[in-house]
Number of protein chains: 2
Amino acid sequence: MTTLNQAVDRHLPASMGMDFPEQRKLASSTTLELRAGQGIYREGQRAAAIYQVQSGAVRVYRLMQNGHRHILSFYGPNEWFGLQDGLFHDDFAEAICASQLRSFSISGLPTLPVNLLGIALNSLAYANSRQLMIVRQSALERVAVFVKEMADRRPGISEFELMMSRADIADYLGLTVESVARSFTKLRTSGIIRLHGRGQRYVRIVNPEALAALSM
Amino acid sequence: MTTLNQAVDRHLPASMGMDFPEQRKLASSTTLELRAGQGIYREGQRAAAIYQVQSGAVRVYRLMQNGHRHILSFYGPNEWFGLQDGLFHDDFAEAICASQLRSFSISGLPTLPVNLLGIALNSLAYANSRQLMIVRQSALERVAVFVKEMADRRPGISEFELMMSRADIADYLGLTVESVARSFTKLRTSGIIRLHGRGQRYVRIVNPEALAALSM
DNA sequence: CGCCTTCTTGATGAGCATCAAGATCAGTGG
DNA sequence: CCACTGATCTTGATGCTCATCAAGAAGGCG
């Protein structure tokens, strides 16, 4: 963990760099209120709880030896995260925007209202799918997959706001910010989506069929 | 599953194309003897058991819509595989070489001699690590990781045989056969490994430090 | 020996990273 | 109200890495 903190400093705004609350003994269920960018847990910390998003959004990532950040997953309302192999976290979790979480102490296991194995297997299937996508899809296809993934979380709503920056998306898809921007532009100019609002973060899906075809 | 069989035919020798035994009701523990290339389960089949390798080696892969094969993992002696989210397999498992497996019926759950959650979390951590590697490591680094991974399974033995073909390795690392061959050559000419034997599948690690440095 | 499979090597090109600069916008303070 | 600042996003130019295409080399097996 010698190089870790340097890498962390590169990714966290200075004002938030050490903004990970010490994991303390939790009651079997606790509600957490988080500001944008606030840390939930970090690498090396003892894994003592699992979390469910109530509102807002969370990113979970790992840092590579070279300091590169790779986002493993984004989590939205009702989704679970934080379940860990071994005693200590090997990844980081942060709120992307103002969020509410519910945390469940693992030691309260018998009373947990969830099927841990189910969560784990679900995460595993998802991680495997992402492997396929990242390895063999083009930049444009990956961005299409991402947009579709975000859209599918809001069934029936054709326009929505992306909570995450282009940099987050890039680190999630294994691309650079520039490639992500170019792919968004390509989706826009080919009439598949429309973009507007602060930082072009509002997406309207104009041609869902074409989007689905790309993200296959 | 319309395009699936075409894709399968592309990857399985014709003589083995349909060589997946129907999954039948298993006693709580059964030993399986498999020839090289023989299927263990396939996509769409009901997931009814988990498996432990006794001897030999297994590859587990998924097929993409475009027919591309991506190998999610290789399994060696004592390792577990086949645990599945949902009722049906979404991947394929095959013996790479003559192998012995032990299969455990899932319905015999209370008597299972293993911690399913542990296996699932372990697989999840592994899948996540592979995501990082595949996204941001160069071809040479990925092959170095692979060689080190294989070597680490045989502690204390500096020379070993790779059970899998270059094509398997390519589909595992997200590269082409040619790129894998070139990377092996580079490792050889830079004095990190030595290769010989049938199909250059015998590997001797000459410079473990350099290998480790590459596969970081 | 000839055929097939697997592995290697070479030449070329496509796609994305990288480097650089401009555009847009929110926030800040005169 | 407007200029200034910093963050985020976009666009352009260039080069590197790896995929692709093509062909040769090295076994294994009839």
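The sequence lines fix the lettering, A, B, ..., with proteins before strands; numbering per chain opens at 1. Values below: every heavy atom of this structure, side chains too, minus hydrogens, waters and symmetry copies.
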Item to complete: Whole angstrom is fine here: how far is it from CD in B/Glu178 over to P in C/dT12?
Response: 16 Å
Worksheet, complete the sentence: Side-chain atoms of A/Arg182 come closest, of C/dA17, C/dT18, D/dC9, to C/dT18
Worksheet entry | Whole-Å distance separating the CE atom of A/Met163 from the P atom of D/dT8 | 16 Å
Worksheet item: If you look at every strand shown and take non-hydrogen atoms under 4.0 Å, does B/Gly174 touch a base, only sugar-phosphate, or nothing?
Response: sugar-phosphate
Item to complete: Consider the side chain of A/Thr176, meaning its heavy atoms from C-beta on, and name the nucleotide among D/dC9, C/dT18, D/dA19 that approaches it most closely.
Response: C/dT18
Worksheet item: Which nucleotide sits closest to the side chain of A/Ala181: D/dC18, C/dT8, D/dT11?
Response: D/dT11
Practice prompt. Measure across A/Arg42 and A/His89 and return the closest heavy-atom pair with its distance rounded to 0.1 Å.
Written response: O-CB, 3.6 Å
Fill in: Spacing of B/Met164 atom CE relative to C/dC7 atom C1', expressed in whole Å
16 Å
Worksheet item: If each of B/Thr185 and A/Ser179 is mapped to the nucleotide of DNA chain C with the nearest heavy atom, which maps nearer the 5' terminus, i.e. the 5' end?
Response: B/Thr185
Fill in: Identified side chain to side chain donor-acceptor pair (under 3.5 Å) counterpart of B/Glu159 within the set B/Arg194, B/His196, B/Arg154
B/His196
Worksheet item: Tell me: CZ of A/Arg136 to P of C/dC16, nearest whole Å?
Response: 14 Å
Discussion item. Using a 4.0 Å heavy-atom cut-off, does B/Arg142 contact any base of the nucleic acid, only the sugar-phosphate backbone, or nothing at all?
Written reply: nothing
Practice prompt. Give the nucleotide from the list D/dC18, C/dT9, C/dA26 with an atom nearest to the side chain of B/Arg188.
Written response: C/dT9
Worksheet item: Which residue, A/Val177 or B/Gly199, contacts DNA chain D at a nucleotide closer to its 5' end, judged by nearest heavy atom?
Response: A/Val177
Worksheet item: Taking atom P of D/dA19 as reference, at what distance in whole Å does atom CG of B/Leu173 sit?
Response: 11 Å
Worksheet item: Is it the case that A/Tyr41 and A/Gln84 place a side-chain donor and acceptor less than 3.5 Å from each other?
Response: no
Worksheet item: Would you say the side-chain atoms of A/Arg62 and B/Ser129 include a donor-acceptor pair closer than 3.5 Å?
Response: yes
Worksheet item: Expressed in angstrom and rounded to an integer, what is the separation of A/Arg198 atom CZ from D/dT8 atom P?
Response: 10 Å
Practice prompt. Give the rounded distance in Å between these two atoms: CG of A/Leu140 and P of C/dG15.
Written response: 11 Å
Worksheet item: To the nearest Å, how far apart are B/His196 NE2 and C/dT8 C1'?
Response: 18 Å
Item to complete: With side chain to side chain contact (heavy atoms under 4.5 Å, CB included) as the test, would you mind laying out the steps for B/Leu101 and B/Phe81 before giving the verdict?
Response: CA-CA 10 Å; B/Leu101 306 182; B/Phe81 67 95; 4.0 Å; yes
Worksheet item: Out of D/dC9, C/dC7, D/dA19, which has the shortest distance to the side chain of A/Arg166?
Response: D/dC9
